[in-house]
Amino acid sequence: MPVMQGRVRKMTRRLHHTRQGEAQKQRLVDAAYDIIAHEGFEGLRTREVALRANLNISTLHYYFASKEDLVRSVAERLLSEFKAAPEPRGTSPGAMEKLHTSLADQDELIRRHPATYVVVNELFTRSLRDAKLRPVVQELLGQWERHFHSFISEGMRSGEIDPRSDALVTTRTLQCLMLGRTLLLLVKGEDLPRDAMFRQVSRWLSPRGRKTG
């Protein structure tokens, strides 16, 4: 019995250390995320990250061998958030309703958490110079592309979207629209009429001769 109790205590301590370690690592990633959002990569210094996380610099280096490793973890945080996005509840919405929801979600996220898109754009720019970061950013874009492609293909099958459309080209066109719209909202602060834009896109995507909205 004493041997078994000793093993249980060791397992409990190990579990505690694992949880504590994961919490510390997440605090460092969150601190780096905040710095990138407010100061860009120019302001990202490991000592400042450790200070914001209320940890010492040796702890940071224990979890991240380099600043690049830390940046990749920030990108992976964004990727995990995208993967964890909840599916719409209730009856399954049509393709165009999903697109309209995507625009509405973008507006809401920019309004509540503009830092998210700031960090995304910083990572995109950084990945052009960092070959190790590029696959993580490509996966982030890939998840987004698959999301759009699924409902574009669904809309083509149902007749909501012109079946003569090229699903991949349409998907990437929508990605460009969403990314460009984000930059305009963040940089110029313009009030881009979401519903009017949606109606215009609906006209582009609808079967020829069909009236929409």
Problem - ILVMFWY network linking Leu179 to Met197, side-chain heavy atoms under 4.5 angstrom - result: yes
Handout entry: Test item: Arg172 and Gln175 side chains (from C-beta on) under 4.5 Å apart, heavy atoms
Key = yes
Practice task
Check for a donor-acceptor pair, side chain of Ser153 on one end and backbone N or O of Ser150 on the other, with a separation under 3.5 Å.
Solution key: no
Practice task
Please tell me if the side chains of Arg47 and Leu51 come closer than 4.5 Å, counting only heavy atoms from C-beta onward.
Solution key: no
Exercise for the section: For residues Arg181 and Asp107, determine if any side-chain heavy atom of one lies less than 4.5 Å from a side-chain heavy atom of the other. Expected result: yes
Completion exercise
Of Leu133, Val118, Asp130, Val136, the one forming a side-chain contact (heavy atoms from CB on, under 4.5 Å) with Leu123 is Leu133
Exercise for the section: Could you tell me how the ring of His147 sits relative to the ring of Phe151: parallel (under 30°), tilted (30 to 60°) or perpendicular (over 60°)? Expected result: perpendicular
Exercise for the section: Would you check if the side chain of His149 reaches a backbone N or O of Glu145 as a donor-acceptor pair within less than 3.5 Å? Expected result: no
Handout entry: Close side-chain approach of Thr116 and Tyr33, heavy atoms under 4.5 Å
Key = yes
Fill in the blank from the handout: With sequence neighbours left out, the residues meeting side-chain contact (heavy atoms from CB on, under 4.5 Å) with Gln26 are Val29, Asp30, Arg77
Problem - Met96 vs Ile161 side-chain heavy atoms within contact, under 4.5 Å - result: yes
Exercise for the section: Let me see the working for Asp195 and His100 under side-chain contact (heavy atoms from CB on, under 4.5 Å), right down to the final yes or no. Expected result: CA-CA 8 Å; Asp195 292 340; His100 192 264; 2.8 Å; yes
Problem - With sequence neighbours excluded, residues passing side-chain contact (heavy atoms from CB on, under 4.5 Å) with Val120 - result: Leu78, Phe124
Handout entry: Check: Leu103 main-chain N/O paired with Arg194 side-chain donor or acceptor under 3.5 Å
Key = no
Handout entry: Taking every non-hydrogen atom, the tightest pair across Phe64 and Ser73
Key = CE2-OG, 3.2 Å
Fill in the blank from the handout: Here the pair of heavy atoms bringing Met156 nearest to Ala167 is SD-CB, 3.8 Å
Practice task
State, to 0.1 Å, how close Ala131 and Pro135 come at their nearest heavy-atom pair, and which atoms those are.
Solution key: O-CD, 3.1 Å
Fill in the blank from the handout: Heavy-atom closest pair (Val74 atom, Ala32 atom, distance to 0.1 Å) is CG2-CB, 3.8 Å
Problem - CG-CG distance between Leu99 and Leu174, expressed to the nearest 0.5 angstrom - result: 5.5 Å
Handout entry: ILVMFWY network linking Leu168 to Leu140, side-chain heavy atoms under 4.5 angstrom
Key = no
Practice task
Check whether more than 12 heavy atoms from other residues, nucleotides or ligands sit under 6.0 Å from atom NE2 of His38, and answer yes or no.
Solution key: no
Practice task
Verify, without hydrogens or angle tests, whether Glu122 (side chain) and Ile36 (backbone) share a donor-acceptor contact under 3.5 angstrom.
Solution key: no
Exercise for the section: State the OH-CD distance between Tyr63 and Glu22, to the nearest 0.5 angstrom. Expected result: 7.5 Å
Exercise for the section: Calculate, to the nearest 0.5 Å, the distance between atoms CD and OG1 belonging to Gln24 and Thr59 respectively. Expected result: 5.5 Å
Exercise for the section: Walk me through it: do Tyr117 and Leu185 pass the test side-chain contact (heavy atoms from CB on, under 4.5 Å)? Expected result: CA-CA 10 Å; Tyr117 281 107; Leu185 286 168; over 6 Å; no
Completion exercise
In this structure, CZ of Arg134 is separated from CG of Leu141 (nearest 0.5 Å) by 12.5 Å
Handout entry: Beyond-backbone contact of Arg126 with Glu68, side-chain heavy atoms, under 4.5 angstrom
Key = yes
Problem - Interatomic spacing from CH2 in Trp204 to OG in Ser165 - rounded to 0.5 Å - result: 13.0 Å
Problem - Where Ser206 and Arg203 come nearest, the two heavy atoms and their spacing - result: OG-O, 3.3 Å
Practice task
Check the hydrophobic clustering (I, L, V, M, F, W, Y; side-chain heavy atoms under 4.5 Å; chains of links allowed) and say if Val119 and Leu184 are grouped together.
Solution key: yes
Exercise for the section: Taking the side chain as every heavy atom from C-beta outward, state whether Leu55 and Leu60 have any atom pair closer than 4.5 Å. Expected result: no
Exercise for the section: Mind checking the CZ-CD1 spacing from Arg52 to Ile35? Nearest 0.5 Å is all I need. Expected result: 4.5 Å
